[in-house]
Amino acid sequence: MTWSVSSCFITLVVLFLWRVDDITEACTCMSAHPQRAFCNADVVIRAKVVGVKAVSGNTNYDVKQIEMFKGPNQDIHVISTGGPCRAFLEINKEYLFTGKLETDGTMHVTLCDFIESWEAMSATQKKSLTQRYESGCKCKIIRCTSIPCTISAPEECLWTDWVMEKSHSGPQAQHFACINRSDGSCAWYRGIAPPKKEFLDIEDP
């Protein structure tokens, strides 16, 4: 009887430690506005996932690059992902990827990067990849998590999707870019199909 109780205790301790480790390894990053993800990334491409295989604890996806918006003068053929924030992708599906360039020429992505189905992206987001996001890389997008929230410098834009829509894919992420104005300040710029929100700074630069 004593042995059984001890065994149960040990089992519970192991399960508890496993659970703590599982929690510790949970993905804790916060989603970024697509413009900030673009500016922070080494590589930004549109690509179709054509294959998958496991390599040394990571998942490597074979991709067919369709268009490069930012990155090296070479096509990306492999996108790797791993760890608690690993991304899970669908075969034969096109995505917009932002991520890090590895020394071996592959691209590394996690859920902390902006990864979106190309079909699900708005017309403004697609256009901004070549015409708007880069022009606002010196601007700072400040995440608003609770009201009231304000900016503290003229080069900042307040990102309110989370408090207004409870989503990181709200109107500002889909239809706005934060870019430099002629006086050095930054402001949200409306693209195609702008949202009607009085809370937003919708003045064109």
Side-chain angles (χ1 to χ4, degrees), residues 24-143 155-157 159 161-162 168-169 172-180 186 189 191:
T24 302
E25 291 297 317
C27 182
T28 56
C29 68
M30 299 183 72
S31 299
H33 187 280
Q35 176 179 328
R36 182 47 46 196
F38 176 96
C39 294
N40 290 342
D42 295 327
V43 184
V44 180
I45 62 171
R46 174 189 177 187
K48 182 177 181 179
V49 179
V50 295
V52 60
K53 57 186 174 182
V55 179
S56 302
N58 285 347
T59 301
N60 283 6
Y61 290 95
D62 295 321
V63 299
K64 180 180 180 181
Q65 179 177 306
I66 299 171
E67 187 172 4
M68 178 173 286
F69 303 99
K70 181 181 180 181
N73 293 321
Q74 62 185 54
D75 284 356
I76 300 296
H77 299 289
V78 176
I79 291 179
S80 66
T81 184
C85 292
R86 74 174 62 226
F88 295 92
L89 309 174
E90 295 182 32
I91 305 298
N92 295 322
K93 189 171 183 177
E94 290 183 20
Y95 293 89
L96 187 282
F97 295 99
T98 69
K100 178 183 178 183
L101 181 65
E102 302 289 4
T103 55
D104 61 359
T106 63
M107 181 180 182
H108 185 79
V109 302
T110 68
L111 294 179
C112 305
D113 299 304
F114 183 75
I115 303 171
E116 182 61 273
S117 162
W118 184 257
E119 183 180 359
M121 290 182 63
S122 70
T124 298
Q125 288 175 324
K126 293 175 181 178
K127 185 175 181 179
S128 295
L129 292 169
T130 55
Q131 298 184 27
R132 296 198 182 103
Y133 287 159
E134 188 173 7
S135 67
C137 282
K138 292 183 179 179
C139 298
K140 297 179 181 179
I141 297 177
I142 306 300
R143 180 195 305 271
E155 66 273 10
E156 297 176 346
C157 290
W159 184 24
D161 278 345
W162 182 249
H168 292 116
S169 299
Q172 280 178 304
Q174 294 185 37
H175 304 296
F176 282 74
C178 176
I179 65 175
N180 289 105
C186 294
Y189 179 86

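Between Val109 and Gly99, the closest heavy-atom pair is CG1-CA, 4.2 Å. In terms of heavy atoms, Asn180 sits closest to Ser135 at OD1-O, 3.1 Å. Of all heavy-atom pairs spanning Asn58 and Arg86, the tightest one is C-NH1, 4.1 Å. Scanning both residues, Tyr61 and Ala87, for their nearest heavy atoms gives OH-O, 3.8 Å. Across Ala47 and Val63, no two heavy atoms sit closer than the pair CB-CB, 4.0 Å. When all heavy atoms are compared, the tightest approach of Ala41 to Thr98 is CB-CB, 3.9 Å.
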When the side chains of residues 116-123 are checked against the rest of the protein, which donor-acceptor pairs come out under 3.5 Å, sequence neighbours left out?
unit_1: Ser117; atom_1: OG; unit_2: Glu119; atom_2: N; d: 3.4
unit_1: Ser122; atom_1: OG; unit_2: Gln125; atom_2: N; d: 3.1
unit_1: Ser122; atom_1: OG; unit_2: Gln174; atom_2: O; d: 2.4

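Judged purely by atom type and a 3.5 angstrom limit, Asp42 uses its side chain to pair as donor or acceptor with the backbone of Leu101. Here the side chain of Lys70 pairs no donor or acceptor atom with the backbone of Ile45 at under 3.5 angstrom. Between the side chain of Asp161 and the main chain of Gln172, a donor-acceptor pair closer than 3.5 Å is present. Distance alone, capped at 3.5 Å, places no donor-acceptor pair between the Tyr133 side chain and the Arg36 backbone. With hydrogens and angles ignored, the 3.5 Å screen pairs no side-chain donor or acceptor of Ser80 with any backbone N or O of Asn60. Panel note: side chain Arg132, backbone Tyr189; no donor-acceptor pair is recorded below 3.5 Å. The backbone N or O of Thr106 sits less than 3.5 Å from a side-chain atom of Asp104, completing a donor-acceptor pair.
Side-chain contact between Cys157 and Ile142: absent, with no pair of heavy atoms (C-beta onward) separated by less than 4.5 Å. For the pair Val50/Ile91, no side-chain contact is recorded, criterion being any heavy-atom separation below 4.5 Å from C-beta on. Side chains of Leu96 and Ile115 form no contact here, defined as non-hydrogen atoms less than 4.5 Å apart.
For residues 29-70, the disulfide bond (SG atoms under 2.5 Å apart) pairs, not counting sequence neighbours, are Cys29-Cys112, Cys39-Cys137. Among pairs with a residue in residues 64-99, those fulfilling ring-ring contact (aromatic ring centres under 6.0 Å, His included) read Tyr95-Phe97, at least two apart in sequence or across chains.
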Using the rule given for side-chain contact (heavy atoms from CB on, under 4.5 Å), can you reason through Lys127 versus Leu129, listing the C-alpha separation, both sets of side-chain angles and the distance that settles it, and then say yes or no?
CA-CA 5 Å; Lys127 185 175 181 179; Leu129 292 169; over 6 Å; no
Please assess Cys178 against Cys186 for the test disulfide bond (SG atoms under 2.5 Å apart), listing each intermediate value before the final yes or no.
CA-CA 6 Å; Cys178 176; Cys186 294; 4.7 Å; no
After noting the C-alpha distance and the side-chain angles of Asn92 and Lys48, does the key distance pass the side-chain contact (heavy atoms from CB on, under 4.5 Å) rule?
CA-CA 6 Å; Asn92 295 322; Lys48 182 177 181 179; 4.1 Å; yes
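Applying the salt bridge (charged side-chain N to carboxylate O under 4.0 Å, His left out) rule to Lys93 yields the partners Glu90; only residues at least two apart in sequence or on another chain are considered. For Glu102, the salt bridge (charged side-chain N to carboxylate O under 4.0 Å, His left out) test picks out no residue, with sequence neighbours left out. Residues meeting the salt bridge (charged side-chain N to carboxylate O under 4.0 Å, His left out) test with Glu94, sequence neighbours left out: Arg46.
By the 6.0 Å contact criterion, CD on Glu156 is enclosed, its count of non-hydrogen atoms from other residues, nucleotides or ligands being greater than 12. Within a 6.0 Å radius of NZ in Lys126, more than 12 heavy atoms belonging to other residues, nucleotides or ligands are found. No more than 12 heavy atoms of other residues, nucleotides or ligands shown are found within 6.0 angstrom of NZ on Lys100.
Partner of Met107 under the side chain to side chain contact (heavy atoms under 4.5 Å, CB included) criterion, out of Ile79, Asp113, Thr81: Ile79 alone.
Between His33 and Arg143, the side chains place no donor N or O within less than 3.5 Å of an acceptor N or O (distance only, hydrogens not considered).
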